[in-house]
Amino acid sequence: MLGIDPDWWRQAAVYQIYPRSFADADGNSIGDLAGITSRVPYLRDLGIDAVWLSPFYPSALADGGYDVDDYRDVDPKIGTLEDFDRMVTTLHEAGIRLIVDIVPNHSSDRHEWFQQALAAGPGSPERERYIFRDGRGEHGELPPADWTSAFGGPAWTRVTEPDGTPGQWYLHLFAPEQPDFNWHDADVREDFRTTLRFWSDRGVDGFRIDVAHALTKDLPDQLPSQADLDAMPQDGTHPIWDRDEVHEIYADWRQVFDEYDPPRIAVAEAWVASDRRPRYASAEGLGQAFNFDLLEADFDAGQFREIVTFNLELSATSGSSSTWVFSNHDVVRHPTRYGLPPKAADEEKAGVNWLLSGGTEPQLDATAGLRRARAATLFELALPGSAYLYQGEELGLHEVAEIPDASRQDPSFFNSGGAEIGRDGCRVPLPWSVSGPSFGFGEDEAHLPQPAWFAEHAVERQEDDPDSTLSMYRRALALRRQLQTDETLEWVETGADDVLAFRRPGGWVTVTNFGTVPAELPQGEVLLASGPLDGDALPGETTVWLRD
């Protein structure tokens with residue numbers, strides 16, 4: 001059972017579940033809340049402190065559930081509010097807290113408010129809840145600006161007015177099915193307060209805030225071009241991104257969070273300059289913010305040390321704890337990133353190369369990628385702060401590249417005409433067993449096709465293998481709780497450019513050899529290693545935990 005600890009989140013291990021791809025209990029090929037509940041013993045044995053649940057709300061899935069029809073309900077394809085309550089209770093009984101995704105920048109175009117806005121017409125209070133503008137040109141036939149959405153294509157879409165004539169345009173920074181809210185509107189602000197209380201009252205322990213840096217916008221009558229918009233500094237005055245006034249919203253939300261005991265927590269997904277991140281993570285605001293720096297780094301000792309040092313300094317500035325993450329629902333899984341040549345990995349960030357080839361060019365070194373990923377994970381789990389893990393990484397899953405175009409679901413694939421593959425490859429349903437139409441995910445085939453090689457990574461195959469990636473994660477998470485100390489570390493000089501070592505209070509030492517040449521293994525009791533050790537030598541691309 002859970003205790004009342006207001007600081008439980010500071011060094012928590014949080015496991016992200018993409019609900020439609022975790023476990024299917026009702027046999028409709030889509031993961032559901034009952035499926036999650038049935039797998040709580042697995043989550044308990046894994047040793048996590050909390051689950052972060054990606055959107056489970058009613059949705060047309062124009063963006064994998066981040067197009068929300070109703071913020072205070074469950075998509076009937078994946079359950080009911082009663083199923084949600086049962087899941088919360090079961091998680092809490094297992095000592096696992098729950099963080100849910102909130103999507104405040106935009107709703108679905110099927111949302112009740114947006115449908116009201118379409119019916120009400122220009123100048124109405126209903127349209128004030130979103131961002132509507134008259135078009136340019138003699139008859140308003142041109143969009144208000146030439147902006148491009150994050151998923152490709154125009155960021156403005158024209159509507160048909162109630163009388164059937166072409167009308168105004170609405171802003172959507174993402175898919176056309178995701179109209180942006182107008183956060184200057186009082187209705188919007190009050191409705192999200194209601195939503196935060198609705199889920200907090202049902203036992204939710206915290207919230208992950210999607211696109212936290214984009215809520216407030218200040219759009220002049222004459223909108224800048226896309227080129228001018230891109231050239232503007234994001235220093236708190238940008239028309240769209242990371243405006244200072246967004247923190248007024250989060251200060252208001254903090255009052256809501258503090259109505260509960262313990263206070264509800266929140267973590268910001270804010271893609272902002274590093275020196276802008278502490279405001280999102282402040283105690284007066286959301287309390288924590290994602291740090292994606294390790295996710296974007298190469299498997300390189302110098303980069304890792306610089307990133308850790310810098311982010312611990314940022315955490316001291318905000319008073320929060322740092323967050324560490326290598327994989328999530330939006331990026332290529334890190335065993336695959338680490339198994340590609342560095343040049344290919346760089347190109348992959350721009351959406352071209354390996355995925356577009358169906359996983360054939362350049363050649364993936366899957367063995368090396370997993371070895372490096374295991375080493376990076378032990379490095380991450382030893383750091384002070386929160387570790388955010390993504391479902392399936394404990395199985396050593398690689399990105400699935402071999403998905404037929406006809407089976408793809410990510411809007412970026414369709415909006416770019418296939419120039420960007422999108423994120424389906426990291427959202428393929430998990431393999432629980434070595435056989436069956438969906439490897440134990442459900443009774444039938446999964447909603448995204450699973451490759452045959454998933455059988456080698458199935459939970460069933462790994463559970464009793466002491467050398468499996470699943471076993472390593474379980475041992476690491478169990479040890480992590482025993483070794484939990486103050487949120488500090490001390491770098492230990494190794495005399496080798498490719499070897500990083502740091503000590504946590506209490507004599508817990510972590511050593512990672514990022515190179516390929518074996519290094520001297522420090523003195524101490526070996527607690528855990530990411531791969532087999534060789535006597536007194538630390539093999540290349542291996543991490544070891546020691547007690548000195």
Side-chain angles (χ1 to χ4, degrees), residues 59-64 66-69 103-188 211 213-232 234 237-243 351 408-420 422:
S59 171
L61 302 184
D63 181 22
Y66 286 85
D67 47 314
V68 178
D69 296 350
V103 189
N105 180 69
H106 46 262
S107 75
S108 161
D109 61 351
R110 305 196 313 177
H111 191 284
E112 176 183 42
W113 277 6
F114 192 71
Q115 292 301 309
Q116 291 173 358
L118 295 179
S124 63
E126 289 82 358
R127 287 209 175 175
E128 284 301 309
R129 295 166 175 162
Y130 294 90
I131 300 175
F132 280 86
R133 281 291 181 91
D134 292 332
R136 295 173 296 147
E138 185 178 356
H139 304 291
E141 70 277 11
L142 300 176
D146 65 341
W147 297 352
T148 302
S149 81
F151 292 151
W156 294 89
T157 291
R158 197 174 195 184
V159 305
T160 300
E161 299 298 351
D163 63 3
T165 60
Q168 289 187 306
W169 300 70
Y170 67 89
L171 176 65
H172 52 89
L173 294 182
F174 295 89
E177 296 87 352
Q178 295 171 293
D180 280 39
F181 280 119
N182 171 20
W183 272 90
H184 295 290
D185 185 79
D187 288 351
V188 173
V211 198
H213 58 304
L215 272 59
T216 53
K217 301 173 180 71
D218 184 18
L219 305 184
D221 293 337
Q222 185 67 37
L223 296 177
S225 68
Q226 181 68 60
D228 288 340
L229 196 67
D230 291 343
M232 293 178 182
Q234 295 186 25
T237 63
H238 193 279
I240 293 175
W241 304 114
D242 188 28
R243 293 186 58 77
R408 292 201 172 274
Q409 300 174 8
D410 195 321
S412 62
F413 173 76
F414 301 101
N415 292 342
S416 68
E420 295 185 14

Close aromatic pair by centroid cut-off 6.0 Å: Phe151 and Phe174: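 Under 6.0 Å, so yes.
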Cation-pi geometry met for Arg133 and Trp169 (6.0 Å, 45°):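 That pair does not qualify as a cation-pi contact.
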Nearest heavy atoms of [X] and [Y], plus distance in Å:
X      : Y      : answer
Pro220 : Leu223 : O-CD2, 3.2 Å
Asp67  : Asp63  : OD1-N, 3.0 Å
Ser124 : Gly121 : OG-O, 2.8 Å
Pro239 : Leu229 : CG-CD1, 4.0 Å
Trp147 : Ile240 : CZ3-CD1, 3.6 Å

side-chain contact (heavy atoms from CB on, under 4.5 Å) between Lys217 and Leu173, intermediate numbers included: CA-CA 11 Å; Lys217 301 173 180 71; Leu173 294 182; 3.6 Å; yes
Test item: Thr148 and Trp156 side chains (from C-beta on) under 4.5 Å apart, heavy atoms: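 In short, these two side chains do not touch, never coming nearer than 4.5 Å.
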In Å and rounded to the nearest 0.5 Å, what is the [atom1] to [atom2] distance from [X] to [Y]?
X      : Y      : atom1 : atom2 : result
Asn105 : His213 : CG    : NE2   : 8.5 Å
Arg243 : Thr237 : CZ    : OG1   : 7.0 Å
Phe181 : Leu171 : CZ    : CG    : 13.0 Å

Residue pair Val68, His111: steps toward the side-chain contact (heavy atoms from CB on, under 4.5 Å) verdict: CA-CA 7 Å; Val68 178; His111 191 284; 5.6 Å; no
Salt bridge Glu112-Arg129, side-chain N to carboxylate O under 4.0 Å: no
Worked verdict on Val188 versus Tyr130 for side-chain contact (heavy atoms from CB on, under 4.5 Å): CA-CA 9 Å; Val188 173; Tyr130 294 90; over 6 Å; no
Asp146 side chain to Gln226 backbone, donor-acceptor under 3.5 Å: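 Yes; judged by distance alone, with no hydrogens or angles, the pair exists.
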Stepwise side-chain contact (heavy atoms from CB on, under 4.5 Å) test for Asn182 and Glu128: CA-CA 7 Å; Asn182 171 20; Glu128 284 301 309; 3.9 Å; yes
Gln116 and Arg127: side chain donor to acceptor below 3.5 Å: no
Distance-only donor-acceptor check, side chains Asp69 and Ser108, under 3.5 Å: yes
Plane angle bin for Tyr170 and His172 - parallel if under 30°, tilted between 30 and 60°, otherwise perpendicular: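 It falls in the tilted class, 30° to 60°.
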